[in-house]
Amino acid sequence: MRNPLLLLFVSLLSTGALHSAEILADHQVSDVLLYPDRALVTRSADLQLSAGEHQIVLGGLPYHLDEASVRARATGKNLTIQSVEVKQDYIEEIDLNSRPSI
């Protein structure tokens, strides 16, 4: 069985000498606003970025996320968000009760 895994990709450009890096960001829920039919959940990640282009990846998002509702914001000097993309990936379910033969 394959389980859905939702990933958010944010491409940032920071001015200066260019190099490219993909960063798996450690993020946490920082705010929740509840509505009768949905919730607005804000997730935050604090990163120190060197100059260049970076692809920030936030994994483990809810699979039922409304992709059209995703927004990204970056604070800091000379940062530009180039793109925001939501991708669905799948991982194999692992049976924790089975043990590999040695």
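For the numbers below, each heavy atom of this structure counts, side chains included, while hydrogens, waters and symmetry mates do not.
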Engineer: Determine whether E67 and L61 make a side-chain contact, defined as any pair of heavy atoms from C-beta on separated by less than 4.5 Å.
Structural biologist: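 Counting from C-beta outward, E67 and L61 never come under 4.5 Å.
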
Engineer: Taking all heavy atoms of I81 and all of A74, pick out the closest pair and write down the distance.
Structural biologist: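 Closest pair (atom of I81, atom of A74, distance): CD1-N, 3.8 Å.
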
Engineer: How far does CD1 of I23 sit from CD of Q48, to the nearest 0.5 angstrom?
Structural biologist: 10.5 Å

Engineer: Is I56 reachable from V41 through a run of hydrophobic residues whose side-chain heavy atoms are each under 4.5 Å from the next?
Structural biologist: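 No, no single cluster joins them.
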
Engineer: So, does H27 use its side chain to make a donor-acceptor pair with the main chain of G59 at under 3.5 Å?
Structural biologist: yes

Engineer: CG of D46: more than 12 outside heavy atoms within 6.0 angstrom?
Structural biologist: no

Engineer: Please round to the nearest 0.5 Å and tell me the distance separating atom CG of L40 and atom CG of L34.
Structural biologist: 9.5 Å

Engineer: Within the 4.5 Å heavy-atom criterion, are T42 and V32 side-chain neighbours or not?
Structural biologist: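 When only atoms from C-beta onward are counted, V32 and T42 do not touch, as no gap falls below 4.5 Å.
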
Engineer: Counting only heavy atoms not in D66 (residues, nucleotides, ligands), do more than 12 fall under 6.0 Å from its CG?
Structural biologist: yes

Engineer: Compare all side-chain heavy atoms of S44 with those of Q28 and state whether any distance is below 4.5 angstrom.
Structural biologist: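 Result yes, sub-4.5 Å side-chain heavy-atom pair found.
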
Engineer: Just how far is it from atom CG of L47 to atom NE2 of H54, taken to the nearest 0.5 Å?
Structural biologist: 9.5 Å

